[in-house]
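Data block below; observations after.
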Amino acid sequence: MDSISNSEENSDMGYQLSASSLDQIDQSPTDTTSYSIISGESFAYCRTSSVTSAFSEHTDDNSCSEAASPNFWPGMKTPTRAALSRLGMKQHRYPFDEKQRDEDTMELELELMKERFSKLLLGEDMSGSGKGVCTAVTISNAITNLYASVFGQHQKLEPLRPDKKLMWKREMNCLLSVCDYIVELAPALQTLKDGNTLEVMTSRPRSDIYINLPALRKLDAMLLDILDSFEETEFWYADPGSMSGNSTRSGSFRRILQPQPQRVDEKWWLPVPCVPSTGLSEKSIKHLLQKRDCAYQIHKASLSINNSILAEMEIPESYIATLPKSGKASVGDTIYRYMYTTEKFSPGCLLDSLDIGSEHEALEFADKVEASMHTWRRKCGTHSKSSWGVVKDLVSEIDRNDKNNVLAARAETLLFCLKQRYPELSQTTLDTSKIQYNRDVGQAILESYSRVLEGLAFNIVAWIGDVLFVHKTMKKRD
């Protein structure tokens with residue numbers, strides 16, 4: 001048991017996500033808020049929170065990712081709810097008729113397909129006046145809202161409800177099927193009957209989708225498997241509203257640890273993990289550590305894919321228009337001097353010297369660094385809407401030593417280090433702007449899919465960390 005405890009403590013040191021991390025779902029059972037990009041909120045697209053889309057209201061937990069529209073106003077019944085109502089009446093009428101029940105299920109799925117197809121065509125503008133958002137944003141919203149509907153109230157280490165899992169797989173298969181028709185043309189040789197060869201253009205899946213989509217599907221399945229592995233556990237959860245010093249389970253009295261002070265203040269509504277008075281067994285701890293390692297690797301992979309997709313998106317003109325004329329004015333004179341005059345630039349030391357006390361302050365600083373970075377890049381003469389990864393390979397060695405190039409490179413390093421230090425950081429203003437104005441459907445699907453998987457993986461790591469924290473605290477008390 002001592003070896004397990006030592007390995008547990010050693011493994012905690014390598015995590016950006018601490019064992020006492022809080023659950024990152026922002027869906028309160030009594031209060032669900034959607035943030036608007038248009039109104040200037042920088043928290044619209046959160047990496048690690050189950051927030052709904054910025055362009056539509058939150059979804060009903062019992063609906064199939066219904067986006068907000070006039071159909072959902074009070075007194076009006078949506079096509080989906082009408083179909084569900086009809087299905088319930090028919091099942092009540094034919095409770096033992098399996099054939100009739102199968103036909104009703106197919107009818108319901110057809111109604112859902114009609115609704116989704118209509119929303120894609122109308123751009124979520126049910127008035128039909130053509131004022132809706134583009135297809136890319138519509139699909140991105142649909143994936144975000146679906147994730148909130150399925151996982152928004154899932155706040156424990158336990159298998160996903162069968163109906164929720166079926167809903168997630170069915171709806172995601174429908175949304176991801178669009179990628180089957182996103183292709184690119186490539187030259188290929190075709191052999192004719194007479195033996196001659198002819199060069200023709202053939203279609204194949206677009207390279208970014210061909211590489212990233214299968215990987216995301218695999219990560220999705222792995223996360224569901226992790227949740228399924230916690231069907232029978234030695235720990236359990238207590239509702240914070242009914243917590244007391246003692247709680248019964250399986251007929252025995254066991255102590256419940258009060259939640260951490262930070263959790264009481266910020267996430268008071270979340271269920272609290274509880275363990276036996278003797279702590280968890282060696283087998284249970286091994287299982288938790290193994291699943292935490294797996295979820296952490298999934299989080300890193302999803303984050304990497306998300307960052308690569310966002311980096312390839314074009315920078316909107318609206319964001320370029322808001323860039324400061326001087327990068328120095330954005331980050332401040334002290335940080336500017338350190339970034340330019342220091343021979344061996346250390347972003348970690350710079351961050352340590354700053355007084356960043358909250359995630360909000362970290363996000364605000366990230367926005368300033370990112371704005372300065374693009375200001376310096378524009379002064380280098382590079383086209384701001386192009387991908388920097390492609391542009392910097394074309395910059396000559398002389399240009400690399402240019403003052404603005406040096407500052408832009410160091411700002412990029414600083415921004416990367418900041419995101420590593422605060423993995424739960426929300427999308428920056430630039431990332432939010434890219435998602436809002438993106439018109440590429442393939443990129444919209446990959447970005448939103450990787451973002452929600454990243455959030456789920458982060459939550460699982462945090463939940464496991466909470467259980468291990470309670471176990472350690474219980475062992476210390478003994």
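Side-chain atoms are counted along with the backbone in the values below, which use heavy atoms only and exclude waters and symmetry mates.
Taken from CD1 in Ile305 to CG in Leu219, the straight-line distance is 6.0 Å, to the nearest 0.5 Å. A distance of 4.0 Å separates CG in Asn438 from CE in Met313, rounded to the nearest 0.5 Å. Between Leu223 atom CG and Leu160 atom CG the span is 11.5 Å, to the nearest 0.5 Å. For the atom pair CG of Leu280 and CD1 of Ile285, the computed distance is 5.5 Å after rounding to the nearest 0.5 Å. Leu289 CG to Cys294 SG: the interatomic distance, rounded to the nearest 0.5 Å, is 13.0 Å. Atoms NZ and NZ, from Lys291 and Lys286 in turn, are 14.5 Å apart once rounded to the nearest 0.5 Å.
The pair Glu184-Arg204 counts as a salt bridge, with a side-chain nitrogen and a carboxylate oxygen less than 4.0 angstrom apart. With salt bridges taken as basic N to acidic carboxylate O contacts below 4.0 Å, one links Glu412 and Arg377.
Counting heavy atoms from C-beta outward, Leu418 and Val369 have side chains that stay 4.5 Å or more apart. Two residues are said to be in side-chain contact when any heavy atoms from C-beta on lie closer than 4.5 Å; Ile445 and Leu175 fail this criterion. A 4.5 Å side-chain heavy-atom check between Val452 and Leu456 finds every atom pair outside the cut-off. With a 4.5 Å cut-off on side-chain heavy atoms, Trp463 and Leu227 count as touching. Side-chain contact between Leu310 and Gln427: present, with at least one pair of heavy atoms (C-beta onward) separated by less than 4.5 Å. Leu407 is not listed as a side-chain neighbour of Met373, based on a closest heavy-atom distance of 4.5 Å or more. A 4.5 Å side-chain heavy-atom check between Phe230 and Ile464 finds at least one atom pair inside the cut-off.
Looking only at atom types and distance, the side chain of Asn141 has no donor-acceptor partner in the side chain of Thr144 under 3.5 Å away. Side-chain contact check for Thr428 and Glu370: at least one donor-acceptor pair (N or O, by modelled atom type) lies under 3.5 Å. Asp125 and Ser129 are linked by a side-chain donor-acceptor pair at a separation below 3.5 angstrom, with hydrogens and angles left out of the test.
The side chain to side chain donor-acceptor pair (under 3.5 Å) contacts involving residues 205-223 comprise Trp168-Asp220, Asn173-Arg217, Arg206-Asp208, Arg206-Asp440, Asp220-Tyr449, where partners must be two or more places apart or lie in separate chains.
When atom types are taken as modelled, the side chain of His360 and the backbone of Ala362 share no donor-acceptor pair closer than 3.5 angstrom.
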Got a list of side-chain donor-acceptor pairs under 3.5 Å for residues 319-328, not counting sequence neighbours?
unit_1: Thr322; atom_1: OG1; unit_2: Tyr319; atom_2: O; d: 2.6
unit_1: Ser326; atom_1: OG; unit_2: Lys328; atom_2: N; d: 3.3
unit_1: Lys328; atom_1: NZ; unit_2: Asp333; atom_2: OD1; d: 3.2

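For the side-chain hydrogen bond (donor to acceptor under 3.5 Å, both in side chains) test, no residue two or more places apart in sequence or in another chain qualifies with Thr375.
Ring to ring, Phe235 and His471 are not that close: their centroids are 6.0 angstrom or more apart.
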